[in-house]
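Taking it in order: structure first as structure tokens, then the write-up.
No hydrogens, no waters, no symmetry mates; every other heavy atom, side chains included, goes into these values. Residue numbering restarts at 1 for every chain, and letters A, B, ... go by the order of the sequence lines.
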Amino acid sequence: MLDITFIRENPEVVKQGMLNKGEPSADAVDEAIKKDEEWRGLVTEIGELRAESNTKAKQIGQLMGQGKKEEAQKIIQETSRSKEKIKELEEKVGAVRRELDELLYKIPNVPEPSVPVGHTEEDNEIFLSWGNPAADDWREPHWEIASAKNWIDFDRGSKVTGAGFPFYLGDMARLQRALINFFLNEAVKNGYIEMQAPYFVNEDSARGTGQIPDKEDMMYTIPRDELFAIPTAEVPVSNFHRDEILAMDELPIYYTAYTPCWRREAGSYGKEVRGLNRLHQFDKVELVKFVHPEKSDEELESLREYAESLLQQLNLPYRTLLMCTGDMGFTQTKKYDLEVWSPGQKRWLEVSSCSNFGSFQARRMQLRFKNEKGKTEMVHTLNGSGLALPRVVAALVETYQTEAGDVIVPKVLQPFMGIEKM
RNA sequence: GGAGAGCUGGCUGAGUGGUCGAAAGCGCUCCCCUGCUAAGGGAGUAUACCCCUAACAGGGUAUCGAGGGUUCGAAUCCCUCGCUCUCCGCCA
């Protein structure tokens, strides 16, 4: 959610950003400004009425204390009249505030000036490419390799749970465990605090990071206990400091957490979801940063560089995309996607998304800090995957497959697996 | 799952219907005193929002776990929920 004061002072910037992000109309901006005016008017009016009745209540208290009951009685009668007016206004102000909040929830974060304006993924900018994508004809997609080696059991996963919930077996299971260890170790080396987070969150947390109301259908729910299965560790980790005021010298704070992620992925179909390309449950190591507002731009770059370093160490060719305004999402000011090359499928697979949210999430979460002047100010939040497992595994297996059909274990993972070949 | 106790400012803790945004202590900040140290004296020290202002200052409202209710008036009474602690049960 954006700051209404910022919207009031920069309506055109907000409107332009909204249209650039592909919203059909920016009318919500003017409507919000109008609602805000109405709301402030009502708040002022109520404040005055309450001030009056507070004064009278105090007078009554004094008179009662002095034993002047009749005089007190007189004032009591006067007061009960304005009571109803206050109640009426309170209901109205509550309704107007809800309407205002609803409008504010509809206004997306404003893209950074450096973000290319565009509508579709065609307009994303290739920020950089690394490595030489393999293009040999003999390379197979990972699901062929996995099935030959009996590494992934999709059918039994479907029997036990449903489509998109595979079992991993033998060396494949060990590979995933190795990747998780490798990613976490690297993150800790780079200053991230390792964290184990809850896999379910409550409604306030889902709202805090914007899953509700924007992306409610993405999550699995546990209605009886009013909980949501996390679609990413971003949700519990970002909400860790919700409703807090941090000291300035605590910033920046970096966290990393491994969790499974659950996503309903309603409406997905076809070859896009073949094999490990898209699952309902998958593993991911997530990176979350809480930073000083002035630092968030450079923090996004270092987050991106860190995520890239993982692919470099695994020696997997990738490219980094700077997402255009229309493809970047509601809550971000700027976003990079890392795509790894899948030589068996001959396509790029997204394995990380590094985003700067500015104060957008922090405002929803009421996460603030005391700045240089001792004023409370919203922190800036960023997050990125470091990395998401299944597609890394897919690209890795396809890239490290030998013509003889084995899969070599990447050097950096060998210490974790204790073998050189799967 | 059952029974009970509790939730007050950065912390400890007082406050059972009126002058309480809240005693006292600790901590912290500033000032004074004191030739180190220690001690002492004084002032200040929550958050959000609204109004006003060039700004500072100022005025107002709300907040004593959350939400609702009773009342002219609620930290104090009532209801619902959350959380913490103790005991019992169960359990990886």
Mind checking the [atom1] distance from [N] to [M]? Whole angstroms is fine.
| N | M | atom1 | value |
| --- | --- | --- | --- |
| B:rC7 | B:rG67 | C1' | 16 Å |
| B:rA39 | B:rU47 | C1' | 36 Å |
| B:rA48 | B:rG41 | P | 34 Å |
| B:rG65 | B:rC83 | C1' | 7 Å |
| B:rU84 | B:rC28 | C1' | 28 Å |
| B:rA24 | B:rA14 | C1' | 7 Å |
| B:rA5 | B:rA57 | C1' | 48 Å |
| B:rC64 | B:rU8 | C1' | 4 Å |

Do [X] and [Y] have side-chain heavy atoms sitting under 4.5 Å apart?
| X | Y | result |
| --- | --- | --- |
| A:Phe228 | A:Tyr199 | no |
| A:Lys284 | A:Phe183 | no |
| A:Thr256 | A:Ile193 | no |
| A:Gln361 | A:Arg364 | no |

Starting at [atom1] of [X] and ending at [atom2] of [N], how long is that distance when rounded to a whole Å?
| X | N | atom1 | atom2 | result |
| --- | --- | --- | --- | --- |
| A:Arg40 | B:rC52 | CZ | P | 9 Å |
| A:Asp243 | B:rA48 | CG | C1' | 12 Å |
| A:Leu42 | B:rC51 | CG | C1' | 14 Å |
| A:Glu203 | B:rG82 | CD | P | 14 Å |
| A:Asp204 | B:rC83 | CG | C1' | 14 Å |
| A:Glu244 | B:rU47 | CD | P | 16 Å |
| A:Met378 | B:rU47 | CE | P | 14 Å |
| A:Trp39 | B:rA48 | CH2 | P | 14 Å |

A:Arg304 charged N/C atom sitting above A:Tyr336 aromatic ring, 6.0 Å / 45°: yes
Under a 3.5 Å limit for both distances, which nucleotide forms a Watson-Crick or G-U wobble pair with [N], could you say?
| N | result |
| --- | --- |
| B:rA75 | none |
| B:rC33 | none |
| B:rC87 | B:rG2 |
| B:rC20 | none |
| B:rC7 | B:rG82 |
| B:rA14 | none |
| B:rC28 | B:rG44 |
| B:rC49 | B:rG60 |

Reading 5' to 3' through nucleotides 55-73 of chain B, protein heavy-atom contacts under 4.0 Å coded B for base, S for sugar-phosphate only, - for none: -----SSS---------BS
Could you check whether A:Asn277 and A:Gln345, counting side-chain N and O atoms only, form a donor-acceptor pair closer than 3.5 Å? yes
Identified side-chain contact (heavy atoms from CB on, under 4.5 Å) counterpart of A:Phe369 within the set A:Thr376, A:Ile253, A:Leu251: A:Leu251
Member of A:Leu349, A:Val351, A:Leu321 meeting the side-chain contact (heavy atoms from CB on, under 4.5 Å) criterion with A:Glu339: A:Leu321
Do A:Asp101 and A:Lys106 sit within salt-bridge range, that is, some charged N less than 4.0 Å from a carboxylate O? no
Tell me what A:Arg368 touches on the nucleic acid: a base, only sugar-phosphate, or nothing, going by heavy atoms under 4.0 Å. sugar-phosphate
